[in-house]
Amino acid sequence: MAAETQTELTTVYQVKGMTCGHCEGAVSGEISALPGVTSVTAVAKTGEVAVVSAAPLDREAVRAAVDEAGYELV
């Protein structure tokens, strides 16, 4: 029996306004709630947020999630 393999896509977004671990957690939490997202890694120092998902995400959905956390998608 062959195992099914699923490819995942990693997309890196730039987020403005993150300054600490709390910021990273807020952004990660909101983006993690989007359908298809399997992991999120936010780095306040660089402003980069790496999102792993099963399929490409709608940029406006990501923008809305970042806005909800109180930050700005660049």
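Listed by chain and number, the hydrophobic cluster partners of V62 are Y13, V15, M18, V27, I31, L34, V37, V40, V49, V51, L57, V66, Y71, L73, where partners are ILVMFWY side chains within reach of under 4.5 Å, directly or through others.
The shortest side-chain heavy-atom distance between T11 and P56 does not fall under the 4.5 Å cut-off.
Judged as a side chain to side chain contact (heavy atoms under 4.5 Å, CB included), and not counting sequence neighbours, the contacts of K45 are V43. Residues forming a salt bridge (charged side-chain N to carboxylate O under 4.0 Å, His left out) with R63 (at least two apart in sequence, or on another chain): E60. Partners of Q14 under the side chain to side chain contact (heavy atoms under 4.5 Å, CB included) rule, at least two apart in sequence or in another chain, are E48, V74. Residues passing the side chain to side chain contact (heavy atoms under 4.5 Å, CB included) test with S39 are V52, sequence neighbours excluded.
Listed here is the closest heavy atom pair of S53 and A55: OG-O, 2.7 Å. When all heavy atoms of S28 and A42 are compared, the closest pair comes out as OG-CB, 3.6 Å. Contact detail for A44 and C20: the closest heavy-atom pair is CB-N, 3.6 Å.
For the salt bridge (Lys or Arg N to Asp or Glu O under 4.0 Å) condition, no pair includes a residue of residues 65-74, sequence neighbours left out.
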